[in-house]
Amino acid sequence: MHIDQIIKEKIVEAVDSLYDQKIEADSVQLQNTRKDVEGDVTVVVFPFLRFSKKSPEQTAEQLGEYLKEQVDLIDDFSVIKGFLNLLISKNYWLSVLEDAANRPTFGFKAADENSPLVMVEYSSPNTNKPLHLGHIRNNLLGFSIGEIIKANGNKLVKTNIVNDRGIHICKSMYAWKQWGEGKTPENTGIKGDHLVGDFYVLFDKHYKQEISELQEKGLSKEEAEQQAPSIVAAREMLLKWEAKDPEVIELWEMMNQWVYDGFDVTYKELGVDFDKIYYESDTYLVGKEEVLRGLKEGIFYQREDQSVWADLTADGLDEKILLRSDGTSVYMTQDIGTAKLRFNDYTIDKMVYVVGNEQNYHFQVLSVLLDKLGFDWGKGLHHFSYGMVELPHGKMKSREGTVVDADDLMAEMIEVARKTSEELGKLEGYTEAELAETYKTIALGALKYFMLKVDPKKNMLFNPEESIDFNGNTGPFIQYTYARIRSVIRKAESNGIQLNKQLTQSISLSEKEQELIKSISLFPAVIKEAGDAYSPAVIANYIYSLVKEFNQFYHDHSILGEEDEAVRNFRLVLSQTIANVVESGMKLLGINVPERM
RNA sequence: GCCUCGGUAGCUCAGUUGGAUAGAGCAACUGCCUUCUAAGCAGUAGGUCAUGGGUUCGAAUCCCGUCCGGGGUACCA
């Protein structure tokens, strides 16, 4: 049992015995003892004053005496201003370390066949342009939260819904047909998603041009926007697509494939993947059927113009359109259809949607609609809502060229990692392949940690002028600490020193060493908290503080230079265990750690 | 207008189930490599926790008002 739990239960006992009052164990407030005060765990005694009818000091004193008497693990206590500081025995901490060191999956809860199945949807790109920084945040959060969900003892299915149809796709298609001159990824050497994105931008350029020409001829802005030849052609293409015109379908399939091939490269580089991919072109008609079923069952209603609506005013929401008057589907319709297909494919216990916070309202509505349509998990779906990535000048806008491209950013960061590594020159003897692998590990570690260390709910700022740092509270700092530990362990091994995971009880521990064990012992609770709060940032901040402490220890203590064999062994086991926690913690963020850097 | 999220050091962010003197990193300045990796460690400086009230033994944290900013409120996705 964890020490906190033991103390809480003993406090309940003490309050009962001393003040004849029953309290709940969870109501006992514990906190880590302040650094400048001797002790490990602090009990806040103020809440007990109304039972004890004594001063805070006297109450704390009485409780302290009781605990010291009754609990072997408590060596001593002190009372400062109504805070009861407990000193935990050294042997307890040694046993905690021993336990962590001997468990390969320390902190993780394993799933079995009865565990809940959680489906996480993330990424969800459009196929008309390449991925940018906003998608990176989505992908990293989605992948990481999946890992965290798994670590908390759930089965996981990662899924992606690709928005592969609609007017925006037709814009790229029309532009390619009109001005593409037969360009392909093969004959230009341009990555497929970028090539298609270029045509999307090209479309917009021509479209804007046409609008201003029409306006000069005396049309209003609205008229010009409706009548510009390009948009008329794109709309026509969409109609042909829906009518399954062979020529249009062929073009659509070809250009979408270019994009998928491009995305695959980006996903692979980012290190994210999916168990099952859905395509909107397969789901939107299913959604329409579901809406019509809902209409028939009286869940929805139809207006005179034939459009279908859901009245959610009883649920505190608005009325929501589900099918347009021409019978075509809207965004919501597609999400209903996708949900239906997923429900058929898997026995989902919980659905998590990783989608930006601009869609909070949409998911509130979706949850109610799915519930009304009879999906068990509809009511309990979780919208993992995250904030936008902002640039110094504001939001990213694809058409205005103010986006930070995912592929470019990764390539730049790998280049910075290469330069930095070469300057430091610690990778002698590595092959070209090993070097490339290490540069990538560091670069992606920096990028991922940068994105994941901030609270997902909040908007975050990315300044491309100041490239992502490699020093301080960063991924490479953590990776560096891991590499340092590995270096020591390798040296120990080559000197014939064996790690013994049975620790000698008689050794004395420095303050820093004890603090490190305390930090290690928090890992399981941190994983749980990250899962409950849907926050990879909780993991990131924990690893950072652990690693920060380790570096202080490393600076002040010699590991291999220690004469006392039992102490040296302890320090090796401590270091190795921290390396393991760092490695598995970083894995929860989707970040790899290098053996050397 | 209504709904919703946010405002903590020059900058980027922790800390928010109410607890002791509000923490990191970056940027600035100062030390520490003949000893296990200096992508490190130690130090100096930097705060009316947007603001005004309230609740409490105790408020960055909870409640109310105000100011500022983001998002939503589409037969767009």
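Numbered from 1 within each chain, the chains take letters A, B, ... in sequence-line order.
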When A:F450 and A:Y331 are each assigned the nearest nucleotide of RNA chain B, the 5'-most assignment goes to A:F450
For the residue pair A:T42 and A:N85, confirm or rule out a side-chain donor-acceptor distance under 3.5 Å. yes
> Looking only at atom P, what distance separates B:A60 and B:C2, rounded to whole Å?
Replying inline: 30 Å
Exercise. Please work out if A:E423 contacts a base, only the sugar-phosphate, or nothing of the nucleic acid, heavy-atom cut-off 4.0 Å.
Key: nothing
Mind checking if A:D455 touches a base, just sugar-phosphate, or nothing, with heavy atoms under 4.0 Å? sugar-phosphate
Geometric cation-pi criterion, A:R137 with A:Y386: 6.0 Å, 45°: no
Next on the checklist: Can you confirm whether the side chains of A:S307 and A:R303 place a donor and an acceptor under 3.5 Å from each other?
Outcome noted: no
### Query
Just checking A:L461: base, sugar-phosphate only, or nothing, at a heavy-atom cut-off of under 4.0 Å?
sugar-phosphate
The residue, A:A483 or A:A537, whose nearest nucleotide of RNA chain B is more 5′ is A:A537
- Message: Does B:A39 have its OP1 or OP2 closer than 4.0 Å to a side-chain nitrogen or oxygen of A:Q479?
- Response: no
Ranking B:G40, B:C36, B:A77 by distance to the side chain of A:R324, first place goes to B:A77
* To do: May I ask you to verify if any side-chain N or O of A:K458 is less than 4.0 angstrom from the OP1 or OP2 atom of B:U12?
  => no
A:N256 side chain to A:T127 side chain, donor-acceptor N/O pair below 3.5 angstrom = yes
message = Using a heavy-atom cut-off of 4.0 Å across all strands, would you classify A:S421 as base, sugar-phosphate, or nothing?
response = base
Would you please indicate if the ring centroids of A:F203 and A:Y200 are separated by under 6.0 Å?
no
(message) Regarding A:Y361 and A:D318, do their side chains bring together a donor and an acceptor under 3.5 Å, going by distance alone?
(response) yes
Practice prompt. Give A:V44 one of three labels, base, sugar-phosphate or nothing, depending on what nucleic acid heavy atoms sit under 4.0 Å from its own.
Written response: base
Residues A:Y301 and A:E319: side-chain donor-acceptor under 3.5 angstrom = yes
Span that lies between the P atom of B:C41 and that of B:A59, in whole angstrom: 35 Å
When rounded to whole Å, the OH to P distance for the pair A:Y554 and B:C41 reads 12 Å
Closest non-hydrogen atoms of A:I442 and A:Q479, given as atom of the first, atom of the second and distance, are CA-OE1, 3.5 Å
Practice prompt. Sticking with atom P, work out how far B:A9 lies from B:G23, rounded to a whole angstrom.
Written response: 14 Å
side-chain hydrogen bond (donor to acceptor under 3.5 Å, both in side chains) with A:K518: of A:N32, A:D40, A:T33, only one passes, and it is A:D40
Over all strands shown, is A:D326 touching base, sugar-phosphate only, or nothing at heavy-atom distances under 4.0 angstrom? nothing
Looking only at B:A14, B:A39, B:U37, the nucleotide nearest the A:R484 side chain is B:U37
Each nucleotide of nucleotides 20-35 of chain B classed B (base within 4.0 Å of a protein heavy atom), S (only sugar-phosphate) or -, in 5' to 3' order, makes BB--SSS---------
| said: What's the gap between B:U51 and B:U8 when it is taken at their C1' atoms, as a whole Å value? | reply: 14 Å
Checklist entry - Is A:F477 stacked on the base of B:A39, meaning ring centres closer than 5.5 Å and planes within 30 degrees of each other? => result no
Roughly how many Å apart are B:A24 and B:C63, using the P atom of each and rounding to a whole number? 29 Å
Determine the contact category for A:I485: base if any of its heavy atoms lies under 4.0 Å from a base atom, sugar-phosphate if only primed atoms, P, OP1 or OP2 are that close, otherwise nothing.
nothing
Are A:Y353 and A:F363 close enough that their ring centers fall under 6.0 Å? yes
Rounded to whole Å, CD of A:E549 lies from P of B:G40 at a distance of 17 Å
| A:F384-A:Y122 aromatic ring centre distance below 6.0 Å | no
Side-chain H-bond candidate by donor/acceptor type, A:E121 with A:Y278, under 3.5 Å: no
note: A:N495, atom CG; B:C36, atom C1'; distance rounded to Å ~ 10 Å
Looking just at side-chain N and O atoms, do A:Q576 and A:N580 make a donor-acceptor pair shorter than 3.5 Å?
yes
Quick note, A:S487 side chain, CB onward, closest among B:G7, B:U37, B:C36 is B:U37
RNA chain B in dot-bracket form (Watson-Crick or G-U pairs under 3.5 Å, [ ] crossing, | inter-strand) is (((((((..((((.....[...)))).(((((.......))))).....(((((..]....))))))))))))....
When rounded to whole Å, the CZ to P distance for the pair A:F363 and B:C5 reads 18 Å
Base orientation of B:C33, chi within 90° of 0 counted as syn, else anti, reads syn
Protein-proximity profile, nucleotides 69-74 of chain B, B/S/- by nucleotide at the 4.0 Å heavy-atom cutoff, equals -SSSS-
Taking A:Q364's backbone N and O only, do any of them form a donor-acceptor pair with A:S367's side chain (distance below 3.5 Å, no angle check)? no
